[in-house]
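The structure appears right after this line, and notes come after that.
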Amino acid sequence: MKKNMGKIDRIVRLLAVVTFALLAYFKVVEGTLAYVLLGLSGIFLITSLVSFCPLYSIFGLNTCKIKSK
């Protein structure tokens with residue numbers, strides 16, 4: 001699996017994870033929306049940790065800086 005996510009992209013996703021988790025924890029959002037946000041948080045967390053987003057590869061996106069030799 002080739003990395004396709006840059007550092008800033010990963011940080012933004014991790015901030016979204018924390019935000020969604022806090023919204024659910026403090027019951028700012030409830031019900032179905034809370035479950036959807038928590039599910040999305042899980043996906044964001046996993047993709048941030050492995051630096052790979054399957055949707056990026058489908059659409060040919062790459063935010064990871066390539067080191068030139």
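Heavy-atom minimum distance, Pro54 versus Thr47: CD-CG2, 4.2 Å. Taking all atoms of both residues into account, the shortest heavy-atom contact from Asn4 to Phe52 is OD1-CA, 3.3 Å. Among all heavy-atom pairs drawn from Ser41 and Ala21, the shortest one is OG-N, 4.5 Å.
Using a 4.5 Å heavy-atom cutoff, the side chains of Asp9 and Ser48 are not in contact. Val12 has its side chain out of reach of Leu15: every pair of non-hydrogen atoms, C-beta onward, lies at least 4.5 Å apart. The shortest distance between side-chain heavy atoms of Leu14 and Val18 does not fall below 4.5 Å.
Leu37 CG to Leu22 CG: the interatomic distance, rounded to the nearest 0.5 Å, is 12.0 Å. Leu23 contributes atom CG, which lies 9.5 Å from atom CG of Leu38 (distance to the nearest 0.5 angstrom). To the nearest 0.5 Å, atom CG of residue Leu55 and atom CZ of residue Phe59 are 6.0 Å apart. Remark: Met5 CE to Leu49 CG distance equals 9.5 Å, nearest 0.5 Å. Here the straight-line distance linking atom OG1 of Thr63 with atom NZ of Lys3 works out to 12.0 Å at 0.5 Å rounding. Separation of atoms CD1 (Ile46) and SG (Cys53) is listed at 12.0 Å; rounding is to 0.5 Å.
Arg13 forms a cation-pi arrangement with Tyr56, by the criterion of a distance under 6.0 Å to the ring centre and an angle within 45° of the ring axis.
Surrounding CD1 of Ile8 are at most 12 heavy atoms belonging to other residues, nucleotides or ligands under 6.0 Å away.
Grouping the Ile, Leu, Val, Met, Phe, Trp and Tyr side chains by contacts below 4.5 angstrom, directly or via other members, places Val29 apart from Val36. Both Leu33 and Phe26 sit in one connected hydrophobic cluster of ILVMFWY residues. Membership requires side-chain heavy atoms under 4.5 Å apart, directly or through other members.
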